[in-house]
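A note on names: the letters A, B, ... follow the listed sequences, proteins ahead of strands, and every chain is numbered from 1.
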Amino acid sequence: MLQIKIHGRGGQGAQMAAQVLATAFFREGKYVQAFASYGGARRGTAVSSYIRIDNRPIRLRCDIENPDAVLIFDASLIDEKMLKGINKDTSLLINSTKEAKDLKECSGFKVYTIDGINIASRNGLGRIVNSVLLGALAGLLDAPDFKNMQNVIEEMSPVKVPENISSFRDGYELAKKFKGVA
Amino acid sequence: MIKESKAMLLTGNHAVSYGAMLARPNVLPIYPITPQTPIAEKLTELQLNGELEAETITPESEHSAMAACITASLTGVRVFTATASQGLFLMHEMLHYASGARAPIVMANVNRTIGSPWGFWPDQTDSLAQRDTGWIQYYSESAQESLDTVLQAYRTAEQVLLPAMVIHEAFYVSHSLEVVDVPSRTLVDSYLPPFDPELYLDPSINRSWGNVVNQEMFWRHRKALGEAMDQALDVAAKADTEWKELTGRGYELLEAYRCEDAEVLIVTMGSMCGTAREAVDMMRDQGTAAGLLKVRLFRPFPVDMLQNLLKGVPRVMVMDRNFSPGLGGILHQEVKAAVCGMEKAPAVHGFLTGVGGLNVSPALIASLVKRTKLKQADINSIWVGEEDGE
């Protein structure tokens, strides 16, 4: 079973990102389970999404404690609680202008950073980073398939479809470059 | 088995909406409340797309929504509604009225913490606090089961003329997106015939109907309600068997998962059952004979069936994601009462796990099983926090 956690703030699209991933894996014939937990249902508050992917129906109904990958929309959200259960094999993909080695709170872990806002704004999406980050995550995990993900993003983007696709592609290509670097 | 279905990626709530749509309800009185609202939203979307022909009523409160459900149902049409938490509480008076009026309404309830303090978390206290209202109660573990149970609930409710609740928890089921087999209309139509009661109110006859009764009539009426509840056990079991014949999916009223020769049987309801299955597999692999007894039908409570399944079991460990202040876990109380008088009744341990939506992991469950094996059962339910298992 592949287990992924996504941390963001309400309004950043962390929940939508989980739905996009779930849809893409579902189309590859996988069983998926994606759910979110949020406190105030307001913009700005912390939102966590959880995704499980497996070849058989998923029975667990609890939080993901030992994720294979964690996607973090905002480095200011990182705290001790978030990092609990993460081990040296967990990939942490963080939206940040900093380099991985400069994120002291994550030292000792497999960390990849991506300047999502820069890529998103260059592609005409302003500060909306979810397509960039989804691209980077798919590149890092080698799953779901690039073309499949691109189709799903195309279908699920509510507005600015070409911008979301190009952001996704840039994120994916960047991840392909930093793969194996850590 | 008829293989007519379509795999879709749906949340637990949307699966309920598809189940309700397939039941072809005629009237949908509904009031929004988090985390139920996606059920109502999807139903109105399906209606807009022409997939559902029903009259949607949006009254000013849940109390009025239930009042509308009762009156619509008594005219002999199929009715569906959904609510959660405070909304269910606002309906409370009308819930008793619905069962007393023998209106076979089906309602989905999404378990959410009760105020105060305010929260949105999974906790079964809201629906368990309605256990004496005369509603049939099903607790579901997954989106698929919720869809299937809506249809089974109509079958059961309409045969015994009692209302039924289909209950699943916030987030872990309601907002969890998963793969769901949505059966075809043909299949569902062959399973669930149109609602055609012998007696109904005809609004075209311009008369009022009073229902004031004397003591003896009231006594008789309550007794008949109880008999209908008793009948519901067989009817619900048959509804499940027939659904399984059609779809391959059956859930039973009480499901025994790997209970053979169990040293400890975990008894619980709803989403924790899924996690408990993983915990049981893990423990069995490590040589601990644990099993899961899932309570799917909570009202009527299948006491005879439970006693049979607990024969020869030395220890039972009840996990309650709910809390009745002053007595403890509600399922714990019910199980203790059910085993009372059994020859060699099992020791019944009770844990308040996941109250307020606290995370319950397989490791936590395994540690509680270990504790149950080692310690004597406490008469009270024991509070368990997220870290207590380690």
*Below 4.5 Å from any heavy atom of chain A, which atoms of V179(B) appear? Answer side chain, backbone, both or neither.*
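Its backbone and side chain both get close to chain A.
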
*Grab the two heavy atoms, one from V32(A) and one from L9(B), that are nearest each other, plus how far apart they are.*
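Closest approach of V32(A) to L9(B), heavy atoms only: CG2-CD1, 3.4 Å.
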
*Closest contact, heavy atoms only, S361(B) versus C62(A)*: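 That would be CA-SG, 4.2 Å.
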
*Does E169(B) have any salt bridge (Lys or Arg N to Asp or Glu O under 4.0 Å) partners at least two apart in sequence or in another chain, and if so, which?*
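With neighbours one apart ignored, the set is R321(B).
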
*Who pairs with R59(A) by salt bridge (Lys or Arg N to Asp or Glu O under 4.0 Å), at least two apart in sequence or on another chain?*
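Once residues adjacent in sequence are excluded, the partners of R59(A) under the salt bridge (Lys or Arg N to Asp or Glu O under 4.0 Å) criterion are E278(B), D281(B).
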
Within a radius of less than 6.0 Å around [atom1] of [X], do more than 12 heavy atoms belonging to other residues, nucleotides or ligands occur?
X: E80(A); atom1: CD; value: no
X: Y31(A); atom1: OH; value: no
X: E99(A); atom1: CD; value: no

_Within this structure, what is the CZ-OG distance for the pair F35(A) and S174(B), rounded to the nearest 0.5 Å?_
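Rounded to the nearest 0.5 Å, the CZ-OG separation comes out at 11.0 Å.
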
*Output, in order, the C-alpha distance, side-chain angles, deciding distance and verdict of side chain to side chain contact (heavy atoms under 4.5 Å, CB included) for L177(B) and Q19(A).*
CA-CA 8 Å; L177(B) 193 64; Q19(A) 289 174 12; 3.9 Å; yes

_Treating N359(B) as the side-chain partner and D63(A) as the backbone partner, does any N or O pair qualify as donor plus acceptor under 3.5 Å?_
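Side chain of N359(B) to backbone of D63(A): a pair is present.
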
*Backbone N/O of V173(B) and side chain of R61(A): donor-acceptor pair under 3.5 Å*: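 No, the answer is negative, given that no donor and acceptor are paired below the 3.5 Å cut-off.
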
*Under 4.5 Å heavy-atom distance to chain B, tell me which part of F26(A) shows up: side chain, backbone, both or neither.*
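The side chain, not the backbone.
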
